[in-house]
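What follows is one structure encoded as structure tokens, with my remarks underneath.
These numbers come from a predicted model, not from an experiment.
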Number of protein chains: 2
Amino acid sequence: MKYPTLYARIGAWAPIPEVEWDKAEALGKAVVFAKRARFLEPGQPADRFGFVLTGLFRAYRVSEDGVESVKAFRAEGELLGAYAEQLQGLPSATFIEALEPSTVLSFHSADLDTLEAGHPSWTQLARRIAEHHFVLKERREQEFLELDAEARWLRFREEQAHLIGRITQAEIAAYLGITPVALSRIVSRLRAR
Amino acid sequence: MKYPTLYARIGAWAPIPEVEWDKAEALGKAVVFAKRARFLEPGQPADRFGFVLTGLFRAYRVSEDGVESVKAFRAEGELLGAYAEQLQGLPSATFIEALEPSTVLSFHSADLDTLEAGHPSWTQLARRIAEHHFVLKERREQEFLELDAEARWLRFREEQAHLIGRITQAEIAAYLGITPVALSRIVSRLRAR
DNA sequence: CCTCGGCATTAACCTGGGTTAACGATGGGG
DNA sequence: CCCCATCGTTAACCCAGGTTAATGCCGAGG
């Protein structure tokens with residue numbers, strides 16, 4: 001067992017026997033990413049996923065007219081991958097890029113099939129992960145439907161406080177769906193009150 | 001087999017043996033909903049789900065300040081339920097309301113456990129459904145991040161063309177995250193061009 | 001020490017969409 | 001047949017957030 005911290009974290013999602021975990025560690029590869037290096041980028045097959053061991057990534061898209069929007073930040077213990085594209089058998093439409101020097105335990109999509117064939121706990125894990133990510137996205141949908149930019153920023157600051165300071169304000173703005181200028185205005189307006 | 005159309009539709013998600021399907025039909029109850037009647041509303045336990053047999057529903061929330069935002073429309077063959085709340089063991093925060101006289105094949109959450117205990121195809125189905133709904137929500141997230149109201153309307157008109165005419169423009173506006181007035185403006189502006 | 005590149009801030013101006021309200025069309029019920 | 005409820009339309013006005021651009025603040029590298 002090389003990654004007990006990760007094992008503990010994932011074990012909370014679904015109870016993975018230690019033997020099974022050892023099989024997974026044998027399949028995965030620890031990969032180092034320099035700042036700005038990419039785990040995945042558009043056009044590449046979405047046939048890999050990974051867990052952040054150390055560091056921080058952002059998953060983002062670039063629209064036709066060149067605007068970057070951030071879908072998520074992923075820190076230690078969290079999952080990396082173009083999950084939606086992978087499920088649909090499409091090539092990635094997403095950049096997944098290190099915001100800090102990072103390390104990742106990286107897998108091929110097929111590794112999951114191998115593990116699932118060997119023990120049902122992996123299937124259970126996969127389902128839990130799908131369900132969890134659904135809940136996250138629905139929460140975000142609700143934020144866009146109900147909240148203006150200031151309220152979204154306040155919620156971000158509350159719920160992802162641990163990220164503030166590690167990422168630039170411009171990246172947060174791209175996550176909130178506004179421009180860096182607008183976020184700066186909001187922040188200073190709140191500071192004034 | 002009372003609902004072969006539904007069986008065909010769900011069978012496309014995961015291959016359910018006919019015997020298993022018959023068990024499900026025995027657990028489910030066909031329920032009639034008048035227009036405006038509710039399958040579920042906030043505060044109720046999110047312990048049921050159903051499939052639309054005929055008719056049309058909307059799932060919506062009402063924010064603190066009384067604004068309705070529509071999370072989804074659900075027509076024949078589609079799933080009803082406060083899925084996110086159910087997964088989190090929370091009471092519903094969602095209204096699920098018939099927009100037309102409708103019928104639903106309705107289940108208790110526990111029925112799914114029963115079915116899963118009897119045959120693995122139900123587990124597979126549950127996973128597929130989770131994954132599918134994740135993809136839907138991520139697509140919507142992207143629309144809010146990248147598109148303005150006009151572009152969201154155009155995409156809605158394209159992808160959910162079958163709903164237009166069955167639902168009012170005001171309901172579409174609540175789905176797009178804008179006011180009915182704004183949508184009316186957009187529609188007439190496009191008509192003019 | 002100076003320079004340069006990346007960020008945040010601020011200002012001026014513009015625009016998409018919100019708000020309120022008046023008006024019209026449609027259609028079902030008495 | 002008329003009434004009234006429901007919806008969509010349009011107009012006037014307002015404001016949040018976008019756009020562009022200038023300024024200033026580091027911090028890393030020469």
Output the rounded distance in Å from CG (Leu176(B)) to P (dG16(C)). 17 Å
Can you check the Phe144(B) CZ to dG17(D) P distance for me, whole Å? 15 Å
Test side chain to side chain donor-acceptor pair (under 3.5 Å) on Thr54(A) and Thr103(A) and set out the steps. CA-CA 5 Å; Thr54(A) 64; Thr103(A) 56; 2.8 Å; yes
Can you tell me the distance, in whole Å, between the CG atom of Leu147(B) and the P atom of dG16(C)? 15 Å
Specify whether Phe107(B) and Phe51(B) have parallel, tilted or perpendicular ring planes, treating 30° as the upper limit for parallel and 60° as the lower limit for perpendicular. perpendicular
Length of the CD1-P vector between Ile178(A) and dG16(C), whole Å: 19 Å
Rounded distance in Å - CZ (Arg189(B)) to P (dG16(C)): 7 Å
Among side-chain atoms of Glu97(B) and Tyr60(B), is any donor-acceptor pair under 3.5 angstrom? yes
Between CG of Asp148(A) and C1' of dG18(C) the distance, given in whole Å, is 12 Å
Counting only side-chain nitrogens and oxygens, does Thr179(A) get under 4.0 Å of the OP1 or OP2 atom of dG18(D)? yes
Does Arg36(B), at its CZ atom, have more than 12 non-hydrogen atoms belonging to other residues, nucleotides or ligands within less than 6.0 Å? no
Side chain of Ala182(A), heavy atoms from C-beta onward: which of dG17(C), dT19(C), dG17(D) has the nearest atom to it? dG17(D)
Using side-chain heavy atoms (C-beta onward) and a distance below 4.5 Å, is Ser109(B) in contact with Gln86(B)? yes
Every protein N/O lying under 3.5 Å from an N/O of nucleotides 6-11 of chain D:
unit_1, atom_1, unit_2, atom_2, d
dG8(D), OP1, Gln169(B), N, 2.4
dG8(D), OP2, Ala170(B), N, 3.2
dT9(D), OP2, Gln169(B), NE2, 2.8
dT9(D), OP2, Ser184(B), OG, 2.9
dT9(D), O5', Ser184(B), OG, 3.4

What is the distance, rounded to the nearest whole Å, between atom CG of Leu190(A) and atom P of dG17(D)? 11 Å
Under a 3.5 Å cutoff, is there a donor and acceptor pairing between the side chains of Glu116(A) and Thr123(A)? yes
Nearest-Å distance, CD (Glu150(B)) to P (dG16(C))? 9 Å
Between Gln124(A) and Ser121(A), does any side-chain donor sit less than 3.5 Å from a side-chain acceptor? no
With a 4.0 Å heavy-atom cut-off, tell me which residues in residues 63-75 of chain A come close to DNA chain D, sorted by residue number. none
Would you check if the distance from the ring center of Phe73(B) to the ring center of Phe57(B) is below 6.0 Å? no
Roughly how far, to the nearest 0.5 Å, is CH2 of Trp153(A) from CD of Gln169(A)? 6.0 Å
